[in-house]
Structures are given as structure tokens and as C-alpha cells.
Amino acid sequence: MGYALIGEKADEFLDLVATATVADSMDLIDENRDIVSEGLKLMNGAKKRTALKYLLGDSGKEVTSQSLAYIVAPRINAGGRQGDASCALKLFGETEPKKIYDLAVKLNEYNIARQNDCEAVYEAANAIIREERLYKDDVILVKGESWHSGVLGIVAAKLCENYGKPVVVFAKFKDFYKGSGRSVEGINIFEALSQVKGYLKEFGGHSQAVGLSIQPENFSEFKEALNGYFRDNVKGASGEKEIFVDFNADYRIPVEFAKEIEKLAPFGVGNRRPLFSTEVIAVDPKPIKFGSPHYSFETVACEMMDFNGESDVELLAYQIPKTLIFELNYSVFRGKESLKGYLRNVFLDEKEAYESIISKIREGKISGVSSSRAAFVSAFNVIRENANKPFSDPVNFYFSVKPE
């Protein structure tokens, strides 16, 4: 479209088009892949766009599709989530460096506020899910009276990933509830809502993400009807989740191998980074520096990074066999090569975990646990309730890992 309007001058804007392509979660295949590849070349060249330079920060690291997805896009979106969507538009239309800097700073402040709002809503929603055992439902519906509506989708996505099943998060808005939902791969939440739309004021979206609104008096019946539809019609709605890993690493991964994987970049939707697994019993996570929320620890495969991993420390340190799922990240900083695994999930063998945890509870070695890995927490709560009697409450909170 750009070429049709302004010809070859459109090439000057490939960095912005690449940013938009990644931020909108477009499949990185065919022409989209070419657009992002060429846009990244511009961003890593000598004339990086000032607005993007300020949003990215001067880290000295190469800009990748992950940089756009996890650094740039959240800051651009944060303005709208905090009620000032025009801020990002002004940033990319401004030509005076001082004003560009000020707008970028404002977007960063909005992003920090958005992160705080997101964390507060996530913690509150997760507490309700655990307390009311909503994790047993086929689709999790959780609501709050005063939650920030601008972060509902982000929270729903995080909860969806943790629990391995569709999640809709609602907040009170005027006299009704606004909700945002996310689904797991292979389950069409939009189609499910279409079958129970009579309970809703309005809804829209696609197979993996929806927005909806509902009157409070319809909520209970809507919840029952939606879960009924999932039980009767949606295969895989039980919460079990298969993760297909590309390679199980039972020895040290060479840096050269990671460099070869980088040739498959840019990574993103439609071209995901390969997933790896490695087996551990217990590891010793430590903050990467004093006060940091990010942790690192060693495995046989590589050094592992667990971002915002404080709540994972107890789980990782327990003497229970675990499978770590991770992505490889190769980087060069000031001429020094680095290879780390980015932890994506921790999977436990159901039978071994049950037997081990029950044994430790009875021996008085475990009195509680705080872990963001919702499968572990949910199963732990059920086990604790049944620790002194035969375990008879079958749950499917644990995940299987199968090589493709």
C-alpha cells in the first residue's frame, strides 16, 4: 500500500511498519517476514529513528523482533491504556528532538503505571481464582468491582498462559461489566461466546481474543451456560496442555548452535522461537543483582533466566523432578557473546509430584507455597486439603511435554 501511494519513499518507513506488524501480532511469514527483516536493518543502522531510539533506550544491544514486542509495543500501547492514546501519535509525528524525548519519557511513565495496574489486577484475580477454585471450570471467569479496565486483556493473557485454559477477566463499568478474554491454541473462544450471546450486551473479537460486556444480573447464568458449552462441545477444554518441544537438552548447548538458530529470525507469531526442555531436580535461583525481580540459575543445558521469577524460587528449589521449558537467547554485547535460556514454564510429572508433596506434607516439611506456576499451586491446595485421607479428587493441572 505504501508503494502504491508514495513509491520507493515508503522504504523510509519500514521501521515503523515493522513495529506495527510485530505489535499487532501478525504472522511473521511471507511479506510480513520481509517487512520486519528490512525494518530491523533500518533500526540497527546508523540512522535509527529518534522516537524508536528513545523508546528502546541506549543499551548497545541489537534490536530484534523481541525488542519490538516486549519494549517498544508495550510503551506505544501504554498511552491508550492510561487514557492518552494521542501521546504515541504525537511522538512519531514530532521532529524536534527535545519534544520527542519528552513524549518518549511520558510513554515510559505510562508503561510503568500500566505495569503497576496490571500486577495489582493480576494478583487480585489470581487470588480469587485460587480461593474460589475457579481453576476447576472449563473456562475461567473472574471479575472485580474496581479493576483498571485498560489492563484486562493483558491479565487475561497471563492467567490463560498460567492455567492452560481460556480466561475472561471483567471489571465494573458504570452499571455493567466489561470483559476481555484470551484463549489457548486450538480453542475458539469467539465461537463459544457466539453460542451464548443471548446473555451478553455485546461482544467481538476472534478465535484467541474477545471483548464483551454483560449486565450483572446475567453473569451467573452466562457463566453456567458458557462452561456447559465448553464441557459438551470443546475438546481439550479440561485444562490439559501439550507443549511440543523441539529438542531435549541433556548436555551443555554450544554457543555455535544458538548462533545457527538466530539465522531463522525474525521470530514472532507464525515463526516462534524453538522450544527446548531440560530435566532438573532442584536448582538454586539467585537475583541477577541486589533488589532485582529477575533470577538466574545453572542447569546442565545452559544458564537460565527467570524474569520476574521471585514467586518461582520455592518451586524450583524443591527436591521434585521438574522439566524446564525454555527458549535460547544468543546475544553479543560489546563484543562478548552470551547464551542464556529464557525460562517459559516449569512442568511436573503428576504422579511423582503428588506423591512427593503428600510425603513432605505428612512429614511436616512443607507448610505452604507461593508459586506463580498455577498448576502447581492449584494441585498443592487440593493435596493439602486431602493430605490425611485417600486422594480422590482427580485434577488435570499438570502438563505433559512431548517431543514433536
Side-chain angles (χ1 to χ4, degrees), residues 20-29 32 69-70 73-74 76-83 85 88 114 117-118 121-122 125-126 129 134-135 137-144 147-216 218-239 241 268-270 272:
T21 301
V22 173
D24 203 29
S25 298
M26 301 297 291
D27 286 343
L28 295 190
I29 57 175
N32 286 344
Y70 295 109
I76 293 174
N77 290 332
R81 297 187 187 279
Q82 299 301 121
R114 189 271 306 168
D117 290 336
C118 184
V121 174
Y122 171 78
N126 206 29
I129 291 170
L134 299 179
Y135 50 75
D137 293 341
D138 292 294
V139 53
I140 297 173
L141 307 181
V142 58
K143 65 182 188 298
W147 293 346
H148 194 301
S149 60
V151 301
L152 298 181
I154 300 172
V155 173
K158 190 173 180 180
L159 292 169
C160 177
E161 181 178 357
N162 282 357
Y163 286 94
K165 57 177 61 180
V167 177
V168 186
V169 183
F170 294 88
K172 193 71 176 292
F173 181 77
K174 296 181 180 178
D175 62 343
F176 61 92
Y177 285 107
K178 291 178 65 175
S180 185
R182 297 294 184 270
S183 189
V184 295
E185 187 175 353
I187 296 182
N188 189 326
I189 192 172
F190 180 83
E191 175 61 27
L193 288 183
S194 300
Q195 304 305 310
V196 295
K197 62 183 179 182
Y199 296 98
L200 303 174
K201 280 171 58 69
E202 58 185 2
F203 77 100
H206 53 80
S207 65
Q208 299 298 290
V210 293
L212 61 158
S213 59
I214 186 172
Q215 294 291 351
N218 294 333
F219 190 86
S220 294
E221 291 185 7
F222 165 68
K223 177 181 177 180
E224 184 177 344
L226 186 61
N227 272 283
Y229 174 82
F230 268 80
R231 281 193 303 273
D232 297 338
N233 299 279
V234 181
K235 182 180 179 181
S238 65
K241 180 181 178 182
V269 178
R272 298 291 187 188

### Query
salt bridge (Lys or Arg N to Asp or Glu O under 4.0 Å) between Lys223 and Asp137: does it pass, once the steps are laid out?
CA-CA 10 Å; Lys223 177 181 177 180; Asp137 293 341; 3.8 Å; yes
Any idea which heavy atoms bring [X] and [Y] closest together, and the distance?
X: Ile189; Y: Ala209; answer: CG2-N, 4.3 Å
X: Phe219; Y: Leu141; answer: CZ-CB, 4.1 Å
X: Ile154; Y: Cys118; answer: CG2-SG, 3.4 Å
X: His148; Y: Arg81; answer: CE1-O, 3.1 Å
X: Ala69; Y: Ala73; answer: O-CB, 3.9 Å
X: Pro166; Y: Phe230; answer: CG-CE2, 3.7 Å

### Task
Start with the C-alpha distance between Asn188 and Val234, add both sets of side-chain angles, then the distance that settles side chain to side chain contact (heavy atoms under 4.5 Å, CB included), and finish with yes or no.
CA-CA 9 Å; Asn188 189 326; Val234 181; over 6 Å; no
Once rounded to the nearest 0.5 Å, what's the spacing between atom [atom1] of [X] and atom [atom2] of [Y]?
X: Leu28; Y: Arg272; atom1: CG; atom2: CZ; result: 8.5 Å
X: Asp232; Y: Gln195; atom1: CG; atom2: CD; result: 11.5 Å
X: Ile140; Y: Asn227; atom1: CD1; atom2: CG; result: 9.5 Å

Close side-chain approach of [X] to [Y], heavy-atom, < 4.5 Å:
X: Glu191; Y: Tyr229; value: yes
X: Asn126; Y: Leu159; value: yes
X: Val151; Y: Arg114; value: yes

#### Entry: Test side chain to side chain contact (heavy atoms under 4.5 Å, CB included) applied to Ile129 and Tyr163, step by step
CA-CA 10 Å; Ile129 291 170; Tyr163 286 94; 3.5 Å; yes
### Task
Given side chain to side chain contact (heavy atoms under 4.5 Å, CB included), test Gln82 with Asp117 step by step and report yes or no.
CA-CA 10 Å; Gln82 299 301 121; Asp117 290 336; 3.4 Å; yes
Which donor-acceptor pairs under 3.5 Å do side chains of residues 167-184 form with protein atoms, sequence neighbours excluded?
{"residue": "Tyr177", "atom": "OH", "partner": "Glu145", "partner atom": "OE2", "Å": "2.4"}
{"residue": "Ser180", "atom": "OG", "partner": "Arg182", "partner atom": "NH1", "Å": "3.1"}
{"residue": "Ser183", "atom": "OG", "partner": "Ile187", "partner atom": "O", "Å": "2.7"}

### Task
Apply the test side chain to side chain contact (heavy atoms under 4.5 Å, CB included) to residues Leu200 and Phe222: give CA-CA distance (whole Å), side-chain angles for both, the deciding distance (0.1 Å), then the verdict.
CA-CA 8 Å; Leu200 303 174; Phe222 165 68; 3.7 Å; yes
